[in-house]
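The structure under discussion appears below in the form of structure tokens.
Note on naming: letters A, B, ... go to the chains in the order of the sequence lines (proteins, then strands), and numbering restarts at 1 for each one. Because only heavy atoms are used, hydrogens play no part in the values below, and waters and symmetry mates are left out as well, while side chains stay in.
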Amino acid sequence: MNTEETILALNKHFPALEAVSNRPLRVFTAFAEPKAFEETLRYANLTLGYHKGKHIIGTDEGENIGLSYIISNDEDVLLVLRERVPKSAPHVHSMGELYPSLMLHEREMVDLFGVQVSGLPEGPRYPLPDCWPDGEYPMRKEWNPAYFNKQTVTYEPPKQEDAK
Amino acid sequence: MSDYREKNKVVVQIGPQHPSLKEPGSFKITLDGEKVERAVIEIGYNHRGIEKACESRNYIQALYIIERVCGICSHAHTSCFCQAFEEIAGLEVPRRAHYIRGIVGELERLHSHLLWLGVASHEIGFDTLFMYTWRDRELVLDLLARIGGNRVNYGVNTYGGVRRDLEPELMQDILTVCDLLEEKLKYYADLALTETTLIARLRGIGTLLPEDVRKYSAVGPVARAAGIMDDVRITEPYGVFREIAVNGITDDHCDVYGRTLVRVKEMLEAIRLIRIMVKEIPDGPISVRPPRKLPVGESLSRVEAPRGEDIHYIRSNGGESPDRVRVRAPSEANWHGMSHMLEGFQLADVPIIIAAIDPCYSCTDRAIHLIGDGINQLTDWAQIRALSIEQYKARGIDPGSIKIREF
Amino acid sequence: MLLSIFKVLVFPGLLFLGTYSFLLEFIDRKVYARMQNRKGPPWYQPMADMLKLIGKKVIVPRNAQKFVFAALPTVSLAAVCAAFLCIPVFGSTAITAYSGDLVAVLYLLTIPTLCHFLAGYNSHEVYSTIGAFRTLTQMFAYEVPLFLAFLSPAILAGSWSISGIAAFYMAHPLYTLINIPAFLVSLLASQSKLERSPFDAPEAETEIVGGALVEYSGRYLAFFRATAITELTAMASVLAALFLPFFTGSVWLDFALYLVKTFSIVLVMVLLRATMARIRIDQTLKFFWSILTPIAMAQMILNLLLRGGLGL
Amino acid sequence: MGLFDKAIAWGEKNSPWIIHFNAGACNGCDIEVVDALTPQYDLERLGILQQGSPKHADVLVCTGAVTLQTRDRLKQIYDQMSTPKFVIAVGTCACTGGIFDSCYCVTGGIDTVVPVDAYIPGCAVRPEAIIDAVGKLLATFDQKEAKGK
């Protein structure tokens with residue numbers, strides 16, 4: 001299942017993805033809704049043979065958060081599937097049973113981007129330290145490290161910053 | 001779990017400060033006698049927030065931070081980052097730069113594997129081999145100091161090529177060091193095959209079978225020791241490996257002993273590659289002028305670091321500083337299988353199994369919290385959840401603080 | 001009276017034991033370092049370590065009994081010094097030679113191991129408890145072959161006193177060749193008794209940090225380290241007295257021979273320590289019980305037959 | 001007893017046992033610290049041994065910028081060591097937080113947590129610098145003894 005076959009198969013089943021490849025062994029797709037994304041991921045894992053879960057990249061897209069899942073198969077084609085989740089209600093299902101190795105990165109999305117991933121096993125905070133204030137998501141664009149006081153571990157943006 | 005069995009279990013906390021760990025990582029090992037029954041791994045002590053820092057720096061400064069993600073495989077990280085940059089910018093790197101990157105990359109693989117062999121033998125109490133391997137490693141470090149100016153973060157890479165050129169007599173010294181190292185490595189290779197106490201300690205522990213490797217998607221020597229050919233230089237040749245073929249090394253022991261053999265053979269392979277590269281290095285410029293601002297775009301680049309496949313992702317919005325930088329270090333992929341590898345073996349094997357994946361915590365600065373349920377007893381989901389919540393409340397960590405909504 | 005006090009306290013007794021132990025520890029660490037082609041410590045290093053440890057503040061863990069915590073190091077050091085007095089050092093007879101002192105020496109030399117276990121168990125800390133239990137399990141491994149190996153030359157010599165055994169072998173030097181297997185077994189067993197690599201699972205630095213002595217610091221740790229090195233001297237001297245009993249008439253020449261013998265035994269122990277990896281506690285048990293104990297038993301039976309057959 | 005104290009001071013000067021803790025470094029400095037113990041730079045000739053437990057050691061060799069997670073663990077290790085004890089900050093990150101100082105998770109150098117006696121700068125500090133620093137630290141033992149610390 002090399003790059004061209006993957007693109008053909010994906011575009012046939014999920015035309016909304018516009019799977020494209022700008023260089024060998026890479027397939028990028030457009031952002032999708034969580035429901036459609038889960039279907040595509042299950043389809044890629046079971047039928048297309050993409051069983052290796054490599055990585056999850058969280059990106060801040062203005063008012064919603066993008067999660068790009070990077071998976072690959074035996075021919076090492078890197079397929080990037082993306083889903084978009086609004087910041088107001090960032091709920092996502094965990095893909096732990098399909099990709100056990102991605103549970104770790106999903107746990108990281110919980111801490112760094114504030115995405116609520118359901119189905120993750122319980123565990124302490126990760127990767128941020130235990131003394132990190134709740135509700136602070138450092139990787140979001142509006143979170144400015146300058147206003148984070150490291151000694152008292154509190155985040156106090158100046159007042160007019162909040163008003164804006 | 002009957003209460004009595006639970007009570008006489010010893011929970012050993014290894015780390016974050018422990019002589020066998022060169023870096024902070026903590027392991028809560030539940031022991032049944034001397035046998036490891038459950039392993040809970042927490043790293044994340046090295047989480048410094050590198051990705052956020054890169055977003056507020058321009059590309060040249062970001063390269064400095066990327067180089068210091070990990071002290072041992074710094075060249076692998078910078079080459080991967082530069083490749084991603086060059087892909088977006090569409091730069092054509094001169095062939096000589098590719099060759100120099102390849103030589104420094106293989107030298108780094110040599111010193112990283114020698115370092116691992118030393119640390120692993122220190123874990124099993126074989127200090128003589130530890131001293132020998134680190135003494136030989138000094139030869140490689142002095143070479144890297146002459147090439148890059150610094151023993152550890154040599155900073156040879158820059159966008160569009162390399163910063164330092166290799167003079168002819170430096171290349172001659174590289175060849176002499178290679179000859180010296182080759183005969184020492186042959187001594188270590190047959191030492192690993194014949195020394196009985198070494199084999200007794202390494203054989204049959206920390207096994208990761210091929211199907212587990214696929215399940216936990218382990219990379220690098222851990223996957224190659226289970227017979228799965230997982231080498232980016234072969235599956236997706238980059239830079240100099242488009243012209244020079246690498247013959248992959250696999251082994252089918254699937255355990256710590258297999259990983260030792262794979263790493264020793266890889267060192268011999270690295271020496272062979274260095275000799276070819278030094279012989280066939282073309283003349284020409286060593287770098288091309290990179291643009292200050294990167295056009296809009298994103299790229300995903302892969303490099304074969306000493307510990308496995310290293311993935312870097314850059315997304316630029318046309319400005320001077322990257323919009324998003326993401327680093328997936330090789331050790332991170334190997335952590336997932338760790339608690340699976342630890343269970344069922346002795347406490348004495350825990351340090352060597354942890355060392356066997358050659359963990360680079362600073363690369364990973366991630367933590368895994370896999371509760372390996374060693375007890376084969378059918379419990380449904382709610383029971384496991386309740387048990388684990390009560391378990392963590394007992395240790396003062398209230399998991400309720402993570403707001404996970406139940407569907 | 002005064003001469004015997006001088007003998008006990010100064011020359012072949014305690015003062016000599018202290019300085020000679022420091023010397024042997026220096027040789028042990030220096031040769032070990034040179035084998036790893038490192039430069040190794042200066043000659044005064046053992047003294048410096050001991051003095052520094054005495055100067056440091058002692059931290060007693062909260063839930064450990066203070067008196068037991070403090071008494072253990074001194075008890076173990078006293079046991080080893082007492083054992084040393086029954087071993088022939090200056091000439092072929094020891095300071096206090098009485099029939100049955102071989103058995104006394106053996107039991108005095110097991111007291112430090114028990115103190116080591118109690119020290120670990122008493123400090124109620126996970127690492128030290130595991131180290132303590134490993135010390136005991138390892139004791140079950142080496143105790144039987146060690147005793148069998150030590151008692152077989154005694155049976156051949158027909159006397160339980162070390163000086164008596166030495167005198168017997170002085171009369172019949174050829175019989176020492178019979179005890180060669182017992183010598184090898186006791187060498188390995190004493191390497192395990194002194195918890196030196198490859199049998200140092202109980203204080204494996206990379207696994208359980210410090211074994212039973214994790215919680216010790218300051219002068220108690222100094223005493224425990226003193227016990228370790230004096231035990232090394234005592235074991236080397238017993239091995240020399242039992243298995244290499246070559247004595248000439250003159251006392252000074254015997255003393256020089258004693259130094260050469262113990263020196264070479266320690267060198268063999270350093271060679272063992274430098275060339276092997278540390279094996280796990282279950283492998284140690286398997287090794288001792290399946291290989292060394294049969295040899296020691298065979299040696300014992302052979303000596304019994306020879307004793308009966310030759311009618312010595 | 002002047003002589004006894006002098007002997008102990010001499011003992012301290014000649015056998016500083018170290019314990020190594022990585023408070024969030026890129027492990028470049030850690031491998032250089034261990035490098036200093038191996039044949040080419042062997043620190044054992046100065047009487048330096050690496051110990052496992054804080055109670056056995058007198059010098060805490062700390063590398064790396066202190067991340068929030070390792071902050072209180074570093075404090076615990078420092079408290080467990082028995083006096084007289086010293087702290088050496090190895091590497092630029094340990095001295096001032098170095099290149100990671102502006103990161104959100106890093107609280108700066110070692111001295112923000114424990115009192116530091118010697119700073120060794122250098123991004124990936126060289127083993128020669130470590131040996132020089134140990135020499136200088138041993139020299140300060142005398143002033144400390146003279147001050148009767």
side-chain contact (heavy atoms from CB on, under 4.5 Å) between Lys215(B) and His51(A), intermediate numbers included: CA-CA 8 Å; Lys215(B) 180 174 162 226; His51(A) 57 81; over 6 Å; no
Contacting moiety of Ile57(A), where chain B heavy atoms sit under 4.5 Å: both
Electrostatic pair Arg326(B)-Glu108(A), nearest N-O below 4.0 angstrom: yes
Nearest-0.5 Å distance that lies between atom CD in Glu55(B) and atom NZ in Lys141(A): 3.5 Å
Side chain Arg315(B), main chain Thr59(A), donor-acceptor under 3.5 Å: no
Separation between CZ of Arg214(B) and NZ of Lys52(A), rounded to the nearest 0.5 Å: 7.5 Å
Arg140(A) backbone acceptor or donor facing Lys52(B) side chain under 3.5 Å: yes
salt_bridge(Asp76(A), Arg302(B)) N-O dist < 4.0 Å: yes
Ion pair Glu87(B)/Arg26(A), N-O distance below 4.0 Å: no
Structural part of Tyr99(A) lying under 4.5 Å from a heavy atom of chain B: neither
Polar side-chain atom of Ser101(A) near backbone of Tyr216(B) as donor-acceptor pair, under 3.5 Å: no
Glu92(B), CD atom: more than 12 neighbouring heavy atoms under 6.0 Å: no
Separation between CG of Leu102(A) and OG of Ser217(B), rounded to the nearest 0.5 Å: 7.0 Å
Among Val219(B), Leu300(B), Asp323(B), Ile228(B), residue most engaged with chain A (heavy-atom pairs, under 4.5 Å): Leu300(B)
Closest non-hydrogen atom pair, Leu25(A) against Glu236(B): CD1-CG, 3.4 Å
Ile70(A) versus chain B, the contacting section by heavy-atom distance below 4.5 Å: side chain
Ionic contact status for Arg82(A) with Glu298(B), cut-off 4.0 Å: yes
Interchain contact, Ile56(A) with chain B, by part (heavy-atom threshold 4.5 Å): backbone
Toward chain B, the part of Asp60(A) with a non-hydrogen atom under 4.5 Å: backbone
